[in-house]
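Computed from a prediction, not measured in an experiment: that's the story for all the values here. Sequence lines set the chain letters: A, B, ... in the order given, protein chains first and strands last, and positions in each chain run from 1.
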There are 2 protein chains.
Amino acid sequence: MTQNQNDIDYSMLNTLVGYRLRRAQIAYFENFTATCTEQGVTPGLFGILAIVLNNPGLTQTAVAQAIHTDRSAMVAAVDKLEKLKLMERRPSENDRRSYALYLTPEGERFTHALHQKVLAHESHFEQVMKPGEKEQMLDMLMRIIDLVN
Amino acid sequence: MTQNQNDIDYSMLNTLVGYRLRRAQIAYFENFTATCTEQGVTPGLFGILAIVLNNPGLTQTAVAQAIHTDRSAMVAAVDKLEKLKLMERRPSENDRRSYALYLTPEGERFTHALHQKVLAHESHFEQVMKPGEKEQMLDMLMRIIDLVN
DNA sequence: TATTGTTATACTCTATAACTATA
DNA sequence: TATAGTTATAGAGTATAACAATA
């Protein structure tokens with residue numbers, strides 16, 4: 001009988017908040033990816049939909065900044081969302097270089113529905129949280145994020 | 001004046017624990033990566049060092065499982081660590097197919113020192129935590145991780 | 001000059017398949 | 001037959017550089 005995974009000593013990695021954040025994020029992300037895939041999009045595409053839903057008319061570059069990615073990556077992403085008839089590029093009114101992004105009515109329904117599905121899948125993790133812990137975690141994570149942004 | 005990042009409505013993404021975990025993990029990871037880079041290794045190589053330090057004699061496949069990656073990725077990683085004279089492959093005593101991994105004395109010193117540097121950098125984030133919150137966060141994250149493993 | 005969208009490109013990380021030598 | 005290490009390869013995600021159109 002060789003040493004199996006349960007016997008591994010993680011004492012060094014276990015002292016690091018960053019390592020546990022990473023492992024927990026991967027756990028959530030697997031769930032999230034599966035939910036998105038069922039609906040025919042990727043996590044990245046959902047992020048774009050979620051931003052444009054509540055911020056209609058943003059340019060591609062503005063959305064790229066909002067989700068912390070490069071504007072060059074937006075081109076193929078918006079192409080896909082247009083092909084899915086969830087989003088559309090409209091000519092910007094005052095700047096002929098840029099597009100204003102809007103969800104189609106179907107895109108709005110799709111995004112709301114997917115959001116609810118993701119929330120439902122996330123609730124799976126709440127069985128290991130005590131009352132109030134989810135809110136406290138959200139609050140603590142936001143303070144960490146705000147520290148570097 | 002166009003809409004800047006501070007004006008973006010993140011209300012949908014902000015309801016998702018997974019999204020905040022991801023953003024917070026990225027914040028920690030940038031710090032972690034910089035600390036590793038200063039010492040000439042990558043975050044992935046540090047993970048391997050940290051496991052082998054406390055679990056000397058593991059095979060490559062066992063280490064791969066411990067850090068949740070594929071054994072094929074271990075080959076180049078261990079090659080690099082051997083070239084840095086931090087780790088060595090020794091023939092396994094009872095199985096000529098496999099190697100037993102050990103840190104060199106220099107590898108042990110290096111790993112302890114890097115661990116301390118990472119911890120020191122992580123303390124930067126503790127300025128936004130209240131007393132006891134770090135421990136509570138570590139505990140909560142572990143419960144989430146254990147749920148899926 | 002600077003910025004937007006675009007294209008081409010590269011780099012990292014990760015995963016898969018197939019091979020060999022051993023078990 | 002199954003497993004350990006290895007190699008080649010492919011995919012996703014992300015970043016950089018350069019270009020045309022426009023500001």
Can you give me the N/O atom pairs linking the protein to nucleotides 15-18 of chain C at distances under 3.5 Å, or say none if there are none?
| unit_1 | atom_1 | unit_2 | atom_2 | d |
| --- | --- | --- | --- | --- |
| dT16(C) | O4 | Ser72(B) | OG | 2.8 |

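The shortest distance between side-chain heavy atoms of Glu133(B) and Glu126(B) does not fall below 4.5 Å. Side chains of Gln127(A) and Leu147(B) form a contact here, defined as non-hydrogen atoms less than 4.5 Å apart.
Taken to the nearest 0.5 Å, the CG atom of Leu119(B) stands 4.5 Å off from the OG1 atom of Thr15(A). Atom CD1 of Ile145(B) and atom CG of Asn14(A) lie 8.0 Å apart (nearest 0.5 Å). Separating the CZ atom in Arg22(A) from the CD atom in Gln25(B) is a distance of 6.0 Å, to the nearest 0.5 Å.
Side-chain atoms of Arg89(B) and Gln60(B) form a donor-acceptor pair, as typed in the model, at a separation below 3.5 Å.
Atoms CZ (Arg22(A)) and C1' (dT14(C)) sit 10 Å apart, rounded to a whole Å. Computed from coordinates, the Phe46(A) CZ to dG13(D) C1' distance equals 19 Å when rounded to whole Å. Summarising the geometry, the separation between CE on Met74(A) and C1' on dT14(D) is reported as 14 Å, rounded to the nearest angstrom.
Taking the six-membered ring for Trp and the full ring otherwise, Phe32(A) and Phe46(A) have centroids separated by under 6.0 Å.
Near-neighbour residues of DNA chain D inside residues 30-43 of chain B, defined by a heavy atom below 4.0 Å, are absent. Proximity of residues 75-97 of chain A to DNA chain C (heavy atom under 4.0 angstrom from any strand atom) is restricted to Val75(A), Arg89(A), Arg97(A).
Although no hydrogens or angles enter the test, the distance criterion places no donor-acceptor pair under 3.5 Å between the side chain of Thr111(A) and the main chain of Glu108(A).
Residue Thr61(B) places at least one side-chain N or O under 4.0 Å from the OP1 or OP2 atom of dG5(D).
Other residues, nucleotides and ligands place more than 12 heavy atoms under 6.0 Å from the CD atom of Glu135(B).
For the pair Arg90(A) and Tyr102(A), the cation sits on the ring face: its NZ or CZ lies under 6.0 Å from the ring centre, inside 45° of the axis.
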